[in-house]
Each structure stands twice: as C-alpha cells, then as structure tokens.
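Proteins come first, then strands; the chains are lettered A, B, ... in the order of their sequence lines, and each starts at number 1.
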Amino acid sequence: MSKYITTPIYYVNGEAHIGHAYTTFIADSMARYEKLKGEDTYFLTGTDEHGQKIEESAQKNNKPTQQFADEISATFKNLWDEFEICYDKFIRTTDEEHKRGVQKAFEVMMAKGDIYKDFYEGHYCVSCETFFPETQLIDGAFCPDCGRSTNVVKEESYFFRLSKYQDALLKHYAENPDFILPRSRANEVINFVKGGLRDLSVTRTSFTWGVKLPESMHDDKHVMYVWLDALMNYVTALGYGQEGEKMSYWPASVQFVGKDILRFHAIYWPAFLMSLDLPLPKTIGAHGWWTRDGEKMSKSKGNVISPKEVSDAYGVENLRYFMLREVPFGQDGDFSQRAFIDRINSELSNDLGNLLNRIIGMSGKYSDFLIDSKDVERYHAKELAAMAGVLASLDEYMETLQTHRYLEELWKLFSIGNKAIEEYAPWVKMKENKADEALATVALVANILAKAALMLSPIMPKTTAVIADTLGFAIDNANYRALVREGKLLAPFTIKKTPPLFPRIEEPLMAEAPAAKPNEKEIEVKKEKPKAQEKKEETTGLIEIGQFFETSLKVGTILEAEAVEKSAKLLRLQVDLGEAKPRQIVAGIKEFYTPESLVGTQACVVANLKPAKLMGMLSEGMLLAAKDEDGLCLVRPEKPKKAGTPIG
RNA sequence: GUCAGGGUAGCUCAGCUGGUUAGAGCACUGGUCUCAUAAGCCGGGGGUCGGGGGUUCAAGUCCCCCCUCUGACACCA
C-alpha cells in the first residue's frame, strides 16, 4: 500500500518560523522513513495564498497580490530546499490545477445536495473589520473586541451542510481511535462536534482574492472561502478532478497539523471528504507549539527564533534531531540552547560520534582499517540478540508518531556498542594474541553503527550518509532490508578515516534570546496602544502621575443590583456615574454581597475601562475592591459624594 | 464554571488490568579502563509517589473529598 504524507500548507502572510520548520521536519522524517522501508511514498507541502488578509498585505506592500504571494511562497520553498526537505510536490493554492480541482469538488458537493445558497448574516465591526457570530456579541449588539456597536451585514453565501455529517463524524472517531493523534486531542474534537455543528459558509462576495466558483454555477460574484479552498489542496495536489491524477495515493496515511488547526482538519476536512465520497485519511497528527527558554515566542517580545538562524549556527540535522528527540508528539516543546547543546554533546557527540571514532582508531591500529564481520556471530551472539530486539521495537514508535521514543530506543544500540567495547576490551585481546576476538568486537560495533545509521537516516539523512560512507555501504532500501530486516552483517570493508561527526559544543553559538529587547518592544507596543508606558515602567514599579490619571476613577451610585443566574460570582449592577444613562457593570462580588445590600450605596468605579462581555452581558466598568483570605470588600467613599465625582 | 488530562528523584518523564526493597535519561558525585570527541564503563546519593479519608491480606496503581497545573469550550473584575 502506498503512503501519502502531508504538512499543512503555510499561510503566506509571514516568513517561516520554527513551528513551520518543526512540522516540516516531522513530515519529512516520516516520508523518508517510509521511503527507506521501500514504500511508494508521496510527500506534500506547500503554501496557502488566498484570502482577504493576503490581499491587504499585498496592498500595504504596494505589490500586485499575485507577486506578493509569489515572493513569500518562494521564501518557504527556498528554505525547504536549503534544508533538503524531500517533498514530492510543493503545492500553491494559486496553482491552476488546484483551482480547477476545488471547483470540481464544489460541483460534486453541489450535485450531492451538500451546498446551498443562503445569506450569511454577520455582525460586522467596522473598526475591527471583522465579522462576529451573534453568540460572541456583547448584549447581542456590541463588538467583543472593542465594545463598539456592530452592523448586521447580510451577504449572499453558499453553505456547506456540515451539520449533516455530525453523526457520521462521531461514528468515525469512535471506530478509528488513531484518526486523531495524540488521543488526548481527540476528546476535544469529539466534544466540540457533540456540541452541534452549524453549516459552514464556504463562499464570500466581499473580496476577490480566491478561487472563483465553477463556471457551471454562473455566479462569479463569489470566491471560495478559506477552508474549502485550503483543505482541498491535499487532494488537488494529487490531481483530483484532473486528468492523469495520482489519486491512488489517497487516502493520506498521516496529515500533520499544528494543534491550532486541528479542528479544521478533524471536522471540516473529513466532512468534505465524505461529501466527495472519498475515504478519510488514516491519521491526523496534531503537534504542539515551541516556546523559547520557557516563554511564548512572539514578535513583540522579540524572542522569535528563526529556523535559518539555528541551522546556520548548529546545522539543520542537529536541529531536526533535537526537535524530534526533545518533545513527545503533541506536547509543547521548549527550545533552549542549553538543552540543545546538552543533547548534541551527550547524545550525538558522546554516544554516537565517539563510538564511530573508537572503531576507526582500533581498526587502524589492529587491522589496517579493515573490518570483517566473519567472527561477530561467534563471539557476540548476546549483543546481536539485544540489537535485534531494539530494532524490532522501533516501527511501532514511528507509526504512532512518537519520534522521541523512537530515538530514545534507537540510542540503546550505541549503549550496547559502548558496553561491548568495554566488556571485551579489544586492546587486551590484542595483547593476548586473540586478534580474532578483538576484531570481532570492532566489527560488531561497525554493524551496530550501520544498522543504527539506517534507522536514524530519516531524521538525519546527511549525517547518516557520511556514517554509511565511512562504513563502506549506502543508506538505501536494499541495505535496510538486508541489515535491519534480515539481520545480515556488513560485508568486509575498509573503514574511512572520517573526522568527528559532531564536534562538542562548549559555548552557545547564537546570541541568547533577548530577555528584553526594550527598544523594539517599546516601539511596537507604542504604535499600537498608548498604554505602552505602563509596560515600560514595569521594571521600576513606579509610574508617572500622568499615567495614573489615564485611569478614570469615579464615584458611582448603585441604582440596581441583581444576581446573574447560573453564575457563581457575578452580580449585574446599574451604576449612576453622573452620566446621561447609568452604566451596566457586571461584578464578581456575588459571594460577598447580596444585591439588596448594595442598592443605594456608593463605590469607586473605573470609568474608562474597555467594555467586556461577561456571561453575555456588557460590563461597562469595574468596581474597585480589596480581597484577601478573609474575603472581599468594596472600596467606597467615606462620605456620600455626587455620582460621577472624579477620584484622584 | 463544564469537560478532558496531569501532579512520581534537582530537571524531563516511565510505571498495563492493585502484589517482592518505586524505575529511566539528564544533572550531581565516587571509582576505573585507554580504542575514542576531557568521550566510555562501573557504582552512589537523592522520592511523605500533591494532601486527607476509604476499600483490600496488599494501593503510586481502585473509590470519595480537597488543593494545584495544563488544554478545550463557556461568563474569567
């Protein structure tokens, strides 16, 4: 059976970061693993290039949209090429074949009755330029982000009958426990689906940078909306709906995604496939995020790590090894130079690299670099058996995407090798005139390294090619079958004097993560919000008086108070701040005050707080209160003051 | 708040259906070989298995309560 492995297509709204590299490394390793095993394997990656955001970004950069997309897409492709990612196809959603494939799919869904035309009613916030579903609005009318009122915009749209597939999806999850890996993520998806699926708006008329509807629809106002367009890439890349298609690779064996887009891949995507009468992928693998030195990476923190920067300093293969070894699949991982260097030194340099050096040295002294496996079985049956055990356990780890366990297990081979050298001490055997035994041990280690190199080759293709070259063989399927599957030993060969593969690293090779890059940070925050000054002064803990007065504090008279149903903490208050209308403030003080006891009393109110939505209700301010282990009390004026009196 | 999954050596974690003195890697430390990249190998210290109850001949492993962390939803002053 053939194998098909995909990464997500990356959105061309920015350059590749370490997360993109991670996904790509895992997928690449998996593809190489399958290819090593002789599987007919197809590996897809690419870029997602449609949508309003791209249109806007292009405009900001004063470039034609297509040119803009071309340029960013090329940065991804170039990086993958530099990293020698072995993709079979790099798809772009602006490819003609892709567009035609999506249109074809749309027609099939249409014919099936899964697409219908209706109106997309969105609540549009002009200021935020965003649509919000009614459920997210504050008091059913206000923008959840900025609190301004929204307009109802009614836009003609085609809808996909996602709701129709709810039961079929749940059934599929239940029957295929490996459909979503890691399994802990599957529960989240299942719960979401159980919560009910709404039909999906799959076209837009508000922008044009997307795939047009098929001509048969005679409706060229519409373009396909993000997910239909993007998700379909996995089959259009195989030529879905086109001549000369390679759909025999479908269904995919593994589709890697970041945990943030799991929902689209585990719900929308299989529903689309069901509608197209195509089989579902075997596994959707959702990986976690990377932090840096324990902190989230973000542009504003200035601690984003570029894969290029790391590979320039440490080498791509070391980075691949580290990322796949360090973190269990699905979990978040942390990148720190300390951890990275530790792994390079102790695992790559000491365990692996040094082991190779040991036999180069010995064979040079004992046998003029000639290594012959003829006596290995005779003297090292024990080690050979242990090695076979390790090799047999590896497949399962890779198949369940547990690369860290795979590598951990694989490393046991080097331990067997290092221990064998110690136990049999070839230098002693040589003095005892037992050259046969000494050379058998050297040959044993050569075989260990050869087999390990084969199994490590998916993760470190170039390095293991050097090891193979040193040991007089090549990394390929024939040798995989002979040495790993059939347990054969290396034919006699002359070992090459290869310089150390992994020089130890004593000092970090990159500048440390900017703990605080104050300048950039300030500038960036300042641009966005005047509040920036608060952050700037965080270090001293002291603020200017002016900053204090940015907070508008006022005396408020509580006119009404009522408990919020189904809420443990919230009271809904109407507070007079001396304005035309009383403010509605939702406060988390239910545990400490009864509504009756509050009416008519006064409290201090933050009057210029961004409105927030609590329990679906607008809260237009905040009451000041003090809370300790004994409970909470409101901060109130000592004597009654006119409502709206400023506090300062 | 609801749901899910965690809390086990300094760190990262493994411990399946309850059963001998609770494990691994890293880190630390003592010893030792010399083929080797100050690498390797052998040994050691170090754990109230989040807390409290309970079931049992026997619980890290099952039940209840509490604390705490993470994630997804949902109302986070």
Inset, instruction - Consider the side chain of A:Pro500, meaning its heavy atoms from C-beta on, and name the nucleotide among B:A36, B:C33, B:U37 that approaches it most closely. - result: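 When the side chain of A:Pro500 is considered, B:U37 is the closest of B:A36, B:C33, B:U37.
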Legend entry - Minimum-distance nucleotide (side-chain atoms of A:Ser349 versus B:U37, B:C41, B:A72):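 Closest of the options to the side chain of A:Ser349: B:U37.
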Whole angstrom is fine here: how far is it from [atom1] in [X] over to [atom2] in [N]?
{"X": "A:Ile341", "N": "B:A27", "atom1": "CD1", "atom2": "P", "answer": "13 Å"}
{"X": "A:Arg358", "N": "B:A36", "atom1": "CZ", "atom2": "P", "answer": "9 Å"}
{"X": "A:Asn345", "N": "B:G25", "atom1": "CG", "atom2": "C1'", "answer": "16 Å"}
{"X": "A:Asn318", "N": "B:U37", "atom1": "CG", "atom2": "P", "answer": "19 Å"}
{"X": "A:Met362", "N": "B:A36", "atom1": "CE", "atom2": "C1'", "answer": "8 Å"}

Report yes if a side-chain nitrogen or oxygen of [X] is closer than 4.0 Å to either non-bridging phosphate oxygen (OP1 or OP2) of [N]; otherwise report no.
{"X": "A:Arg185", "N": "B:G71", "result": "no"}
{"X": "A:Lys259", "N": "B:A72", "result": "no"}
{"X": "A:Asn187", "N": "B:G5", "result": "no"}
{"X": "A:Arg263", "N": "B:C73", "result": "yes"}

So what does [X] hit on the nucleic acid, given a heavy-atom distance under 4.0 Å: a base, only sugar-phosphate, or nothing?
{"X": "A:Phe192", "value": "nothing"}
{"X": "A:Asp342", "value": "nothing"}
{"X": "A:Ile360", "value": "nothing"}

Tell me whether [X] is salt-bridged to [Y], with the criterion being a basic N under 4.0 Å from an acidic carboxylate O.
{"X": "A:Lys171", "Y": "A:Glu175", "answer": "yes"}
{"X": "A:Arg338", "Y": "A:Asp342", "answer": "yes"}
{"X": "A:Lys419", "Y": "A:Glu423", "answer": "no"}
{"X": "A:Glu188", "Y": "A:Lys259", "answer": "no"}

Legend entry - A:Trp427 aromatic ring stacked with six-membered ring of B:C35, 5.5 Å and 30°: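 Yes, aromatic ring over the base.
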